[in-house]
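Written out below as structure tokens is the structure these notes cover.
Labels below follow one simple rule: chain letters A, B, ... track the order of the sequence lines, proteins then strands, and each chain is numbered from 1.
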Number of protein chains: 2
Amino acid sequence: MPPTAADRATRELESRLLDGRYAAGARLPAERALADELGVSRGTLREAVQRLAARGLLASRVGSGVYVTDRLHGGLTSPWRQLLTEHPHLGKDMLEFRRVLEGEAAAFAAERATRADLTMLRGVIDRLRRARRDDDEAQEVLLDSLWHGAIATAAHNAMFGYLQANLLALHREHMAQNHAGLRFGDRAVAEALWQQHFALWEAIRARAPEQARDTMYAHIDFVRARLAPDAAGALP
Amino acid sequence: MPPTAADRATRELESRLLDGRYAAGARLPAERALADELGVSRGTLREAVQRLAARGLLASRVGSGVYVTDRLHGGLTSPWRQLLTEHPHLGKDMLEFRRVLEGEAAAFAAERATRADLTMLRGVIDRLRRARRDDDEAQEVLLDSLWHGAIATAAHNAMFGYLQANLLALHREHMAQNHAGLRFGDRAVAEALWQQHFALWEAIRARAPEQARDTMYAHIDFVRARLAPDAAGALP
DNA sequence: GCAGAAGAATTGGTCCGACCAATTTTGCCT
DNA sequence: AGGCAAAATTGGTCGGACCAATTCTTCTGC
């Protein structure tokens with residue numbers, strides 16, 4: 001017995017929940033749009049949503065939308081939210097971990113990116129270039145998130161996507177909380193970040209895993225140094 | 001917010017399952033008839049059925065009918081566990097991720113292990129050696145977990161320790177569920193695992209991060225190949 | 001200018017009617 | 001009796017339609 005359309009829709013939604021394309025708390029596209037995107041009728045899409053809702057992964061609110069519950073993501077990430085506020089030194093551990101995580105993700109992306117992935121990456125990098133030219137700080141911050149998320153997606157490993165989506169959110173939360181953002185105001189910093197992002201794009205496009213990893217390492221190291229100039233020297 | 005029609009239908013079906021009106025193995029009335037009986041449309045009735053089916057209480061067969069599952073126990077399984085069984089490729093992703101995670105942890109451990117860490121590691125490796133000599137399989141499995149955990153601890157990064165503990169548990173759960181454990185029974189395999197663990201110990205004790213990482217890579221690769229001999233060749 | 005209210009657009013919840021394919025039942029013919 | 005094909009039944013899917021709750025826009029009045 002071949003899988004039914006509802007089965008396939010359920011599986012697809014599960015995948016998107018797993019790899020972070022639908023992050024915790026996020027709102028899914030409207031049922032009509034999502035059904036169309038998945039190539040099924042709205043009734044079938046609704047059946048898939050009901051299944052996941054019954055398992056506590058989704059929750060729908062009339063008039064508003066379908067939202068991702070924190071049940072799945074809470075399991076691995078939520079304990080960190082509290083710990084991070086109470087033990088600021090964990091921020092260092094997170095950055096160190098992200099260096100490895102994103103470095104490997106970049107390498108995998110250079111290996112496995114599909115044409116669709118490359119198109120997506122190119123789209124983000126182009127918008128990033130435009131935002132940089134127009135000196136649109138807010139847009140740059142947003143696109144920075146998108147960029148790192150797109151790389152994780154292109155790595156084609158659910159674990160990387162999932163952790164990337166959740167840890168990045170956690171990290172930004174932590175930064176905002178400590179009023180310690182990147183100094184985008186500094187022109188030199190913004191320019192350096194752009195250079196690093198573009199170098200990353202070239203490495204992935206050229207399918208050079210080692211180069212992509214090293215470039216990402218350098219990028220995270222730069223961010224780390226810029227983020228906590230005081231603590232940087234104290235790193236073991 | 002008042003309960004929706006689908007909610008009421010779901011509750012009604014639950015009641016009938018609980019009080020035995022729909023016994024185990026029994027066939028429910030046809031959807032059209034049941035929907036009419038409950039005073040809802042077929043689409044709504046179907047959504048209720050999907051919810052219960054997602055919880056494993058019902059199963060529907062096209063052309064035949066909707067049947068009551070034999071096991072009425074509410075699923076106490078974590079969302080992750082269920083996803084892991086339904087998305088086999090996730091196991092591959094997890095192993096790939098663990099390779100990176102544990103490889104880096106081993107390298108950090110070689111760099112940062114304190115005297116106390118080394119004492120702990122030596123204790124585990126000694127007990128592992130003894131279990132190996134006595135051919136105590138159960139003990140070997142247990143100590144294997146301890147060993148990997150001890151390395152993550154010695155890495156002195158909370159993220160590594162946390163993820164190591166949780167992913168390893170998930171992975172073992174998954175293996176047990178699929179009756180697909182390592183063939184400890186095979187003497188050659190047990191011997192190889194011991195050699196790898198010992199090589200890891202030597203690399204960490206010698207404070208050789210690169211060597212520790214490479215050794216761990218080789219170890220995980222060995223486990224991966226042993227674990228899924230069929231899928232191993234299909235890895236991209 | 002700007003807060004607030006009225007209106008428009010969006011979104012999930014529900015129903016209806018229809019068609020398909022798999023399955024079961026029926027009933028005819030050998 | 002037994003085999004077998006037609007007919008009825010059943011779950012799976014689709015499209016359109018309407019409602020009520022929510023969110024987004026726009027216009028108003030101070």
Side-chain angles (χ1 to χ4, degrees), chain A residues 1-17 21-72 138-139 142, chain B residues 1-17 21-70 86:
Chain A
M1 49 164 186
T4 69
D7 288 338
R8 282 183 285 111
T10 306
R11 271 185 68 93
E12 178 60 25
L13 291 182
E14 281 174 341
S15 292
R16 297 186 179 192
L17 287 171
R21 268 179 290 179
Y22 295 152
R27 208 198 72 178
L28 269 57
E31 287 184 347
R32 293 163 176 82
L34 192 52
D36 191 59
E37 181 186 337
L38 297 185
V40 298
S41 74
R42 187 156 88 103
T44 301
L45 185 269
R46 277 184 61 78
E47 291 188 7
V49 170
Q50 296 298 328
R51 294 187 197 177
L52 296 176
R55 282 159 51 186
L57 299 180
L58 295 179
S60 47
R61 294 205 295 269
V62 326
S64 179
V66 178
Y67 295 83
V68 181
T69 306
D70 60 351
R71 251 198 76 181
L72 177 63
Q139 188 73 358
L142 174 64
Chain B
M1 48 164 187
T4 69
D7 287 338
R8 283 183 285 108
T10 305
R11 293 184 71 86
E12 178 59 23
L13 290 182
E14 280 173 340
S15 293
R16 298 188 179 189
L17 286 171
R21 265 180 290 179
Y22 295 151
R27 207 199 74 178
L28 268 58
E31 287 183 348
R32 293 163 176 83
L34 192 51
D36 191 58
E37 181 187 338
L38 298 184
V40 297
S41 74
R42 186 155 89 105
T44 301
L45 186 268
R46 276 183 61 79
E47 291 189 6
V49 170
Q50 297 297 332
R51 293 187 195 177
L52 297 176
R55 283 161 51 186
L57 299 180
L58 297 179
S60 48
R61 295 203 294 270
V62 311
S64 180
V66 179
Y67 295 83
V68 182
T69 307
D70 52 353
E86 290 168 10

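Residue B:Thr4 places at least one side-chain N or O closer than 4.0 Å to OP1 or OP2 of C:dT14.
Side-chain to base pairing of B:Arg61 with D:dG12: no donor and acceptor N or O lie closer than 3.5 Å to each other. Residue B:Arg46 places no side-chain atom within donor-acceptor reach of the base of D:dG11, judged by atom type and a 3.5 Å distance cut-off alone.
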Working for side-chain contact (heavy atoms from CB on, under 4.5 Å), residues B:Val68 and B:Leu58: CA-CA 5 Å; B:Val68 182; B:Leu58 297 179; 4.2 Å; yes

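No salt bridge links B:Glu12 with B:Arg8; every basic N to acidic carboxylate O contact stays at or beyond 4.0 Å.
Side chains of A:Asp7 and A:Thr10: a donor-acceptor N/O pair is absent below 3.5 angstrom, by distance only.
Nearest-nucleotide assignment on DNA chain C puts the 5′-proximal partner with B:Thr44, out of B:Arg32 and B:Thr44. Position along DNA chain D of the nearest nucleotide to A:Ser41 versus A:Tyr67 favours A:Ser41 as the more 5'-ward residue. Both A:Gly63 and B:Ser64 lie near DNA chain D, and the one whose nearest nucleotide falls closer to the 5' end is B:Ser64.
The interatomic distance linking A:Asp36 (CG) with D:dG16 (C1') rounds to 15 Å, in whole Å. If you measure from atom CG of B:Asp7 to atom P of C:dG12, you get 16 Å, rounded to the nearest angstrom. Across the protein-nucleic acid pair, A:Leu45 atom CG and C:dG12 atom C1' stand 11 Å apart, rounded to whole Å. The CZ-C1' distance, from A:Arg27 to D:dC24, rounds to 11 Å in whole Å.
Here C:dG12 is the nucleotide among C:dG12, D:dG12, D:dT10 with the atom lying nearest to any side-chain atom of A:Glu31. The side chain of A:Arg42 lies closest to D:dA17, out of D:dT13, D:dG11, D:dA17.
B:Gly65 comes within contact range of the sugar-phosphate backbone alone, with a heavy-atom separation under 4.0 Å but no base atom that close.
Distance check, rounded to the nearest 0.5 Å: OG1 of B:Thr44 to CD of A:Gln50 gives 9.0 Å.
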